[in-house]
Amino acid sequence: MSRVDHNQPLGTPVWIELEVADLPATQAFYGSVFGWEFATGEHGTTCLLRDLPVAGLRESMSAGGGWTVHLATDDCDGTAKQAVAEGGTLLEEPYDLGEEARVALVADPTGARFGLWQGRSRPGCRLVNEPDTLVRNDLVTPAAERARAFYTAVFDFTLDGNDDLPGVDFTFLRRPDGHEIGGIMGSAEAAASSWATLFEVADADETAARVKAAGGKATAPEDTPYCRMSTITDPWGTEFSVGARP
């Protein structure tokens, strides 16, 4: 279990949000899969595990863009300006999410969307790295070198390779303190650039079965060097992965 009670360093994935067209149905699906409960307020719906925020849902007519990861910053406005200076596009200007945070939405130069999160009363997800919570985000893109140049310039990340994946165009992203926050995978087959979301689960096979029972799709779980994984598609086309540690 990893409980988060304070703001994280620059560039750390700290919040995930999904734009949805049918809020009640979406709650029913994710509640069935992860056991989440929900609280709806002025700024959207919060997904809760043991009464602590683990994700967000936002009603939108333009739903379908997938889970959006938000990266930590202690200066949302300044980081947004830096992202634009390095070739990114500001999709949503910085704004206050009540007393919880100051946020913005950015597209990197390859087209991948991500958010900025300057925590105030909420540092982001309060539970991570345990079953039914966020465990990892990786950028999958056909333009890996452009993406690496952007994220290292904006967030001061360093890069290193991965010997566990020979022949794969993958680099870890690390904060200046050496902490790994995710990675960038170059894939010529990727139709578009996007940040992938991986939720930890206790049992990948049981979770895949719950997904199918709730109306979603799940690939047959497979063992990887890090976890047993299944790729999930919810009933509205949002793709993400689940993984159970060995």
Nearest heavy atoms of [X] and [Y], plus distance in Å:
X	Y	answer
G119	A101	CA-CB, 4.2 Å
T152	F157	CG2-O, 3.3 Å
L127	L49	CD1-O, 3.5 Å
F114	L105	O-CD1, 3.4 Å
L116	C76	CD1-O, 3.9 Å
V128	C125	CG1-CB, 3.7 Å

Taking the side chain as every heavy atom from C-beta outward, state whether [X] and [Y] have any pair of such atoms under 4.5 Å apart.
X	Y	value
T79	L10	yes
V103	Y95	yes
M229	E222	no
I181	P13	yes
N137	L134	yes
P53	R122	yes
L57	Q27	yes
T207	D132	no

Look at the side chain of [X] and the backbone N and O of [Y], then say whether any donor-acceptor pair between them is shorter than 3.5 Å.
X	Y	result
T219	T231	yes
T12	A72	no
R102	Q118	no

Scan side-chain atoms only and decide if R113 and T68 contain a donor-acceptor pair under the 3.5 Å cut-off.
yes
If you draw a 6.0 Å radius around CD in E37, do more than 12 non-hydrogen atoms from other residues or ligands fall strictly inside?
no
In this structure, are over 12 heavy atoms from other groups packed under 6.0 Å from D22 atom CG?
yes
Which is it for W36 and V54 under the side-chain contact (heavy atoms from CB on, under 4.5 Å) test, yes or no, and what are the steps along the way?
CA-CA 9 Å; W36 291 346; V54 294; 3.7 Å; yes
Would [X] and [Y] pass as an ion pair if we require N to O under 4.0 Å?
X	Y	result
D205	R228	yes
E180	R136	yes
R50	E130	yes
E92	R58	yes
R175	D156	no
E99	R120	no

Between atom [atom1] of [X] and atom [atom2] of [Y], what is the distance when rounded to the nearest 0.5 Å?
X	Y	atom1	atom2	value
F150	T110	CZ	OG1	8.5 Å
S187	D169	OG	CG	9.0 Å
T73	Q8	OG1	CD	13.0 Å
W15	W117	CH2	CH2	5.5 Å
T26	D234	OG1	CG	7.0 Å
E17	T45	CD	OG1	9.5 Å

Assess whether salt bridge (Lys or Arg N to Asp or Glu O under 4.0 Å) is satisfied between R174 and D160, documenting all intermediate values.
CA-CA 8 Å; R174 298 188 186 276; D160 63 82; 2.5 Å; yes
Could you please spell out the steps behind the side-chain contact (heavy atoms from CB on, under 4.5 Å) verdict for F34 and T133?
CA-CA 8 Å; F34 294 127; T133 71; over 6 Å; no
Are Y30 and F240 an aromatic pair by the rule of ring centers under 6.0 Å?
yes
Taking the ring of F199 and the ring of W67, is the distance between their centroids below 6.0 Å?
yes
Please step through side-chain contact (heavy atoms from CB on, under 4.5 Å) for the pair R210 and S32, ending with a clear verdict.
CA-CA 7 Å; R210 287 199 300 273; S32 297; 6.0 Å; no
Would [X] and [Y] show up in the same hydrophobic cluster when neighbours are defined by side-chain heavy atoms closer than 4.5 Å?
X	Y	answer
V20	V211	yes
V33	L48	no
L159	W195	yes

Let's go through I184 and Y151 carefully: what are the C-alpha distance in whole Å and the side-chain angles of both, what is the deciding distance for side-chain contact (heavy atoms from CB on, under 4.5 Å) to 0.1 Å, and is it a yes or a no?
CA-CA 10 Å; I184 294 178; Y151 287 98; 4.2 Å; yes
